[in-house]
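Along the sequence shown, residues carry numbers from 1.
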Amino acid sequence: MNHKLLGSVLSIALLAACGGSVDIPPGSGGAGGGDGGAGGDGAATSATSGSGGASVACGARSGGICSAEEFCDFPDDSCGTFDTEGRCAARPEVCPADCPGVCGCDGQFYCNACSAQQAGVDVSETTSCLKPVGGDYAATYWAGGLDHLVVYKAEPETDQCVTLYADAPAESAPEGFDVATPDTWAVTRIERTSGAAGCAPGESKPAGEAVRAMGAIGSLSMDLSGGTSMPCTLDVDITATFPTEPATALLRAKGVAVNNGCL
């Protein structure tokens, strides 16, 4: 053994004894000689811990599943079609109250992309949303120092009743309500109760405790006879948001006859 090789072996031995790491350059062969060391094939091995913040693949063929604090974010909001792979992203903690309406990758309606992602779902314009739950609409009106209009939507499929209240003259709508109405009118509250039975003018109040909407967006238009405040029929296209599930209620109907109107 020549002096240079003997010196290298002694240095390696000393480093190993002290707990140090040793880098053996390719081709040196180490103590066993050859390119791969003792019984080696020369291939280097490495591992990554993911602690660097790299996102996890999800959806498609990756089979990855995001945690309960994440949602699968697909490129171009593709919802994983054509085997598109997404990446896990953190769910938003706070979302705006606006409710233009979007469709989630699960085919459900959400107020906005943030609320969908908060529920763990990405959104897409190409996804078909489930149709709003059907309902039986009715409305009633009575005049006074303050005119009142009540719109009822009975939902037999879910056994629920959604009730909208509008008043005139009203100075302003409650905070969080952005509903276009005729002059002097304003939607002052929207409630949801269990029990579709009795969800109509002149009927008994539906069963269950009323849950009041915390916001609404859309429009309420009326056919006002002779320029008066007395409505004959109305059109409603409003999305109301609630603090409890289901988080939204849709009131969409045209030509709803108003009881006691246009007498």
Side-chain angles (χ1 to χ4, degrees), residues 96-102 109-112 115 131-155 158 160-206 208-244 246-263:
D98 66 306
C99 195
V102 297
F109 175 89
Y110 295 90
C111 267
N112 49 53
S115 61
K131 293 182 179 179
V133 175
D136 300 321
Y137 288 85
T140 189
Y141 163 87
W142 65 93
L146 183 67
D147 294 347
H148 301 286
L149 177 70
V150 184
V151 182
Y152 303 83
K153 180 190 179 185
E155 299 178 350
T158 59
Q160 291 186 335
C161 175
V162 180
T163 311
L164 176 150
Y165 299 87
D167 301 315
E171 293 182 359
S172 62
E175 184 178 357
F177 278 56
D178 185 13
V179 178
T181 57
D183 289 343
T184 74
W185 282 92
V187 173
T188 53
R189 79 178 189 274
I190 300 175
E191 295 179 346
R192 182 178 62 208
T193 59
S194 60
C199 188
E203 299 293 332
S204 60
K205 188 176 181 180
E209 182 179 354
V211 178
R212 185 169 293 194
M214 58 185 181
I217 188 169
S219 64
L220 175 68
S221 57
M222 309 173 194
D223 174 18
L224 300 176
S225 175
T228 69
S229 61
M230 184 179 294
C232 299
T233 61
L234 61 85
D235 297 340
V236 58
D237 186 359
I238 294 174
T239 300
T241 55
F242 289 86
T244 57
T248 58
L250 307 181
L251 294 95
R252 292 177 181 169
K254 290 182 177 293
V256 178
V258 179
N259 187 28
N260 297 333
C262 297
L263 296 177

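Between the side chain of Asn112 and the backbone N or O of Pro96 there is at least one donor-acceptor pair closer than 3.5 Å. Side chain of Thr188 to main chain of Tyr165: a donor-acceptor pair is present (N/O by atom type, distance under 3.5 Å, no hydrogens or angles). No donor-acceptor pair under 3.5 Å is formed between the side chain of Lys153 and the backbone N or O of Leu164.
Rounded to the nearest 0.5 angstrom, Tyr141 OH and Cys232 SG are separated by 10.5 Å. A distance of 8.0 Å separates CG in Asp235 from OG in Ser219, rounded to the nearest 0.5 Å. Taking OG1 of Thr193 as the reference point, atom CD of Gln160 lies at 8.0 Å (rounded to 0.5 Å). Going from atom CD of Glu175 over to atom CE of Met214 covers 12.0 Å, rounded to the nearest 0.5 Å.
Between Val187 and Thr181, the closest side-chain pair of non-hydrogen atoms falls below 4.5 Å. Side chains of Leu146 and Pro169 form a contact here, defined as non-hydrogen atoms less than 4.5 Å apart. Looking at Arg189 and Thr163, their side chains never come closer than 4.5 Å, going by heavy atoms from C-beta outward. In this structure the side chain of Glu155 never reaches within 4.5 angstrom of the side chain of Cys199, judged on heavy atoms. Taking 4.5 Å as the limit, some side-chain heavy atom of Ile190 sits within range of a side-chain heavy atom of Ile238. Contact of the Leu220 side chain with the Leu149 side chain is registered, since non-hydrogen atoms from C-beta on lie closer than 4.5 Å.
Closest of all the heavy-atom pairs between Thr248 and Arg192 is O-NH1, 4.0 Å. Considering all non-hydrogen atoms of both residues, Leu251 and Tyr137 come closest at CA-OH, 3.4 Å. Between Ala139 and Pro201, the closest heavy-atom pair is O-CG, 3.9 Å. The minimum heavy-atom distance linking Ala249 with Phe242 is given by the pair CB-CE1, 3.6 Å.
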Task: side chain to side chain contact (heavy atoms under 4.5 Å, CB included) between Val150 and Trp142, intermediate numbers included - done: CA-CA 9 Å; Val150 184; Trp142 65 93; 3.9 Å; yes

